[in-house]
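One structure is given here, and the rest of the page talks about it.
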Number of protein chains: 2
Amino acid sequence: MGLRERKKEKTRLALQDAAFELFLEQGYDSTTIDQIAAAADVSPRTFFRYFTGKDHLVLWFHEQTERTLLEALAERPADEPPFASMTHALRALLRTMELSTPEDNARFLKVRRLLDANPHLASATFARVIETERRLVEAIAARRGVDPGRTPLPHLVVTFVMAAMRIGFTCPADPCGPREIVRRMEETLQLVERSLRPGWDV
Amino acid sequence: MGLRERKKEKTRLALQDAAFELFLEQGYDSTTIDQIAAAADVSPRTFFRYFTGKDHLVLWFHEQTERTLLEALAERPADEPPFASMTHALRALLRTMELSTPEDNARFLKVRRLLDANPHLASATFARVIETERRLVEAIAARRGVDPGRTPLPHLVVTFVMAAMRIGFTCPADPCGPREIVRRMEETLQLVERSLRPGWDV
DNA sequence: CACATTAGTGGCAGAGACTGCCAGCTGACA
DNA sequence: TGTCAGCTGGCAGTCTCTGCCACTAATGTG
């Protein structure tokens, strides 16, 4: 990895860390991009070369999740039943979440607190999750050679599995770390598996 | 209904109709709120007293849908199994969609074309749908007297039924009117019902 | 019918988000 | 070392959205 790329990575992290600190300190809405850029020692103009907007600072994390999920799905054999592939992909994601570093955990908790405090952000995140579902449907339909607009089965498969992810993500109490989230997702996924009639996804 | 309310209704419709005409004519992004307000003969300031933003013009339609859905659910007996209540509520919505006027159909098609042409709008709509799901979960959990954060079953029930709504809404070909959408939703709902093991939602 | 009350509107000023453009700097690579 | 591509900063400008105040019109009351 060249010096240029390392610098970019550093700037991105500086922007995110500065932003989250400001968000939690003085609120998301009352934090301006000028403040974030100033705290990260870059120009406001540069901010928009890294992120499309303020909410992208948060959405970025889900984009990483999506990448992991799509890669895990791509590694499954194409002739495997789609529901099995999806459950395996989700469990692969859960495994990577489990071995996250303490720093990752800290960031995760910050993002969670932000989402809980700002419905608008949670909303944007879920919208992004829907986009992820669309891509997963595309992938599954492609490897089966079917038109996703014509047969609802790929949609159903993805929706059922992602339901576990979405439902498991909602937290009862305030402080809910990644391990607890993973536990809830796994629990919900098993509930989904038990709820479905064997061989439903022919 | 007093004169005041009738006027408001008229202004809202003027704004929406003017906006959709402009959107389809010159694109969503290149249409400014000033243009919309001018076309509807109100001040830009007034626009924001009717809609929170440009996207709200489109989201407004789903808000009506949500209202219908929540009312239909509220009318189901509280001791009915939740999944049955949800399917009934969705079918009640489908029935109201079926007897829509030709004008409603025209607006529906305009909205559809907008959503297809602007991923951002589709995304925002789905985010709003997620919010609807949250409220449905709340309603179902409330009438059972359980904490939705603690038990995933209400979430699951709502997700499964709303999956039919979301999946049925996606269209294969371009011109897809309300009747066709209703047909697809009903079809998908039946698929969901067949996929679930009897008595799964004890 | 006259009046006070209230809701709705228009216009203004201003903050904040975002983009296009150009000039200057700095790794990358031969 | 020199050229080149890529990143950055700053400026100007548009658009979205909000608070505020004065003005008009609908409503309800004596």
Side-chain angles (χ1 to χ4, degrees), chain A residues 1-23 25-60 63 114 118-121 123-125 127-128, chain B residues 1-23 25-60 63 114 118-121 123-125 127-128:
Chain A
M1 189 147 84
L3 173 55
R4 214 165 232 168
E5 281 184 74
R6 265 177 292 149
K7 267 196 171 181
K8 279 191 71 171
E9 193 79 356
K10 218 169 138 186
T11 306
R12 180 187 58 74
L13 258 174
L15 280 168
Q16 286 186 312
D17 285 340
F20 286 132
E21 194 143 344
L22 287 168
F23 288 163
E25 183 185 329
Q26 61 185 22
Y28 176 80
D29 289 325
S30 16
T31 302
T32 69
I33 288 175
D34 284 17
Q35 291 176 328
I36 298 169
D41 261 315
V42 294
S43 79
R45 188 65 188 85
T46 295
F47 174 91
F48 289 105
R49 294 203 171 92
Y50 282 84
F51 300 99
T52 59
K54 235 181 357 175
D55 52 0
H56 193 199
L57 287 160
V58 178
L59 265 43
W60 184 90
E63 285 180 3
L114 272 174
N118 302 88
H120 174 261
L121 275 181
S123 192
T125 302
R128 191 62 188 73
Chain B
M1 191 149 82
L3 173 57
R4 214 167 231 166
E5 282 183 75
R6 267 179 291 148
K7 268 196 171 180
K8 279 191 73 172
E9 194 80 354
K10 218 169 138 188
T11 306
R12 181 187 57 74
L13 259 174
L15 280 169
Q16 286 186 311
D17 285 339
F20 286 132
E21 195 143 344
L22 287 168
F23 288 163
E25 183 185 329
Q26 61 185 22
Y28 176 79
D29 289 327
S30 15
T31 303
T32 68
I33 288 176
D34 284 17
Q35 290 176 328
I36 298 170
D41 262 315
V42 293
S43 77
R45 187 66 188 83
T46 295
F47 175 91
F48 291 104
R49 293 202 174 93
Y50 283 82
F51 300 99
T52 59
K54 233 182 357 176
D55 52 0
H56 193 199
L57 287 161
V58 178
L59 265 44
W60 183 90
E63 285 180 3
L114 272 174
N118 302 88
H120 174 262
L121 274 181
S123 192
T125 302
R128 191 60 188 73

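Because only heavy atoms are used, hydrogens play no part in the values below, and waters and symmetry mates are left out as well, while side chains stay in. Quick note on labels: first sequence line is chain A, next is B, and so on, each numbered from 1.
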Which side-chain N or O atoms in residues 12-19 of chain B pair as donor and acceptor under 3.5 Å with protein atoms at least two apart or in another chain?
| from | atom 1 | to | atom 2 | distance (Å) |
| --- | --- | --- | --- | --- |
| B/R12 | NH1 | B/Q16 | OE1 | 2.7 |
| B/R12 | NH2 | B/E9 | OE2 | 3.0 |
| B/Q16 | NE2 | B/L57 | O | 3.3 |
| B/D17 | OD1 | B/R107 | NE | 3.2 |

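- Rounding to whole angstrom units, OH of residue B/Y50 and C1' of D/dC17 are separated by 18 Å.
- How far NZ of A/K8 is from CE of A/M1: 11.5 Å, rounded to the nearest 0.5 Å.
- What separates CZ of A/R6 from P of D/dC7 is a distance of 15 Å, to the nearest Å.
- Look at B/K8 and you'll find a side-chain N or O under 4.0 angstrom from OP1 or OP2 of C/dG8.
- Here the OG1 atom belonging to A/T125 is positioned 10.5 Å from the CD atom belonging to A/E63, to the nearest 0.5 angstrom.
- Here the NZ atom belonging to A/K54 is positioned 10.0 Å from the CZ atom belonging to A/F48, to the nearest 0.5 angstrom.
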Could you run down nucleotides 12-19 of chain C 5' to 3' and tag each one B, S or - for protein heavy-atom contact under 4.0 Å?
B---SSBB
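- Regarding A/E9, its CD atom lies at a distance of 17 Å from the C1' atom of D/dG6, rounded to whole Å.
- Shown here are the ring pair (Phe, Tyr, Trp, His ring centres under 6.0 Å) partners of A/H56, two or more places apart in sequence or in another chain: A/F51.
- Within residues 35-43 of chain A, the residues having any heavy atom under 4.0 Å from DNA chain D are, by residue number, A/V42, A/S43.
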Under 3.5 Å, side-chain donor or acceptor atoms of residues 27-41 of chain B against the rest of the protein: list the pairs with distances, not counting sequence neighbours.
| from | atom 1 | to | atom 2 | distance (Å) |
| --- | --- | --- | --- | --- |
| B/Y28 | OH | B/D55 | N | 3.1 |
| B/S30 | OG | B/Q26 | O | 2.8 |
| B/T31 | OG1 | B/Q26 | NE2 | 3.2 |
| B/T31 | OG1 | B/G27 | O | 2.6 |
| B/T32 | OG1 | B/Q35 | N | 3.2 |
| B/Q35 | OE1 | B/Q26 | NE2 | 2.8 |
| B/Q35 | OE1 | B/T32 | N | 3.1 |

How would you summarise protein contacts on nucleotides 21-30 of chain D per nucleotide, using B for base, S for sugar-phosphate only and - for none, with heavy-atom distances below 4.0 Å?
----BBS---
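- Here CH2 of B/W60 is found 13.0 Å from CZ of B/R128. Values are rounded to the nearest 0.5 Å.
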